[in-house]
Amino acid sequence: EVPYVAVVGFPGIDRNLSPAARARGAEALLQAADVVRLERKEPADVDAFRKAMIRRDAWLNTAADEAVLVWDEADDRLARLHLDLDRRLGPGLLVLHPPPSPR
């Protein structure tokens with residue numbers, strides 16, 4: 001019951017996720033106190049997608065006073081964001097480990 005703001009980097013950010021993950025994301029957006037959409041257009045290619053994610057992470061790092069990062073510490077795509085948030089927020093960053101995926 002803690003209010004939170006959902007940050008969506010761009011439309012279609014969940015395009016490559018599983019249906020279950022997309023449903024969880026949609027539910028999280030519905031429950032959010034507010035939703036921030038950083039960009040209006042979906043990236044046209046892989047390079048544009050990567051750059052949009054970098055911009056999203058930079059925005060998160062400068063805008064957040066506190067953060068909860070759900071991360072298994074194995075997916076290296078979140079390693080840079082974690083490092084940046086940890087440097088800036090210190091104890092204001094909480095890392096939650098998701099349950100293992102069913103095989």
Side-chain angles (χ1 to χ4, degrees):
E1 307 237 353
V2 175
Y4 62 90
V5 174
V7 178
V8 179
F10 47 84
I13 197 166
D14 62 350
R15 178 173 26 114
N16 295 323
L17 297 178
S18 70
R22 288 181 87 165
R24 286 191 305 273
E27 182 62 27
L29 289 176
L30 288 173
Q31 299 298 321
D34 197 7
V35 177
V36 174
R37 297 184 197 305
L38 300 178
E39 298 186 20
R40 293 182 187 179
K41 290 176 34 180
E42 185 171 347
D45 57 31
V46 173
D47 189 50
F49 180 90
R50 184 183 58 77
K51 289 176 182 175
M53 295 298 283
I54 290 169
R55 288 190 299 273
R56 182 213 54 187
D57 291 354
W59 182 90
L60 284 169
N61 190 40
T62 59
D65 294 321
E66 296 179 314
V68 176
L69 181 64
V70 180
W71 182 37
D72 61 7
E73 296 190 43
D75 184 346
D76 63 352
R77 294 173 295 184
L78 293 177
R80 170 52 66 181
L81 177 60
H82 173 262
L83 181 64
D84 291 344
L85 288 171
D86 190 47
R87 280 185 189 148
R88 190 167 153 282
L89 301 176
L93 172 64
L94 173 64
V95 178
L96 298 179
H97 299 94
S101 299
R103 298 203 183 259

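Residue numbers count from 1 along this sequence. These figures come from a predicted structure and were not determined experimentally.
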Rounded to the nearest 0.5 Å, how far apart are [atom1] of [X] and [atom2] of [Y]?
X   : Y   : atom1 : atom2 : result
L38 : L60 : CG    : CG    : 7.0 Å
L69 : L96 : CG    : CG    : 8.5 Å
D76 : H82 : CG    : NE2   : 14.0 Å
D86 : L93 : CG    : CG    : 5.5 Å
M53 : L78 : CE    : CG    : 7.5 Å

Test item: [X] and [Y] side chains (from C-beta on) under 4.5 Å apart, heavy atoms:
X   : Y   : result
R24 : L17 : no
L89 : E66 : no
V7  : R37 : no
N61 : R87 : no

**Request:** Looking only at non-hydrogen atoms, find the nearest pair between A52 and P43 and report the distance.
**Result:** CB-CG, 4.0 Å

**Message:** Give me the atom names and distance for the closest heavy-atom approach of I13 to R56.
**Reply:**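 Here I13 and R56 meet closest at CD1-NH1, 4.1 Å.
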
**Asked** Are V5 and W59 co-members of a hydrophobic cluster defined by side-chain heavy atoms under 4.5 Å apart?
**Response** yes

**Item:** Joint hydrophobic cluster, V95 plus L81, side-chain heavy atoms closer than 4.5 Å
**Value:** yes

**Request:** Over 60° means perpendicular and under 30° means parallel, so classify the ring planes of F49 and F10, tilted if in between.
**Result:**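 Rings of F10 and F49: perpendicular, over 60°.
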
**Prompt:** Going by an N to O cut-off under 4.0 Å, is there a salt bridge joining D84 and R88?
**Reply:** no

**Request:** Indicate yes or no: does E42 engage R15 in a salt bridge with an N to O separation below 4.0 Å.
**Result:** yes

**Asked** For the rings on H97 and W71, is their centre-to-centre separation under 6.0 Å?
**Response** no

**Prompt:** Side chain of Y4, backbone of A28: donor and acceptor closer than 3.5 Å?
**Reply:**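 Pair found, side chain donor or acceptor close to backbone of A28.
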
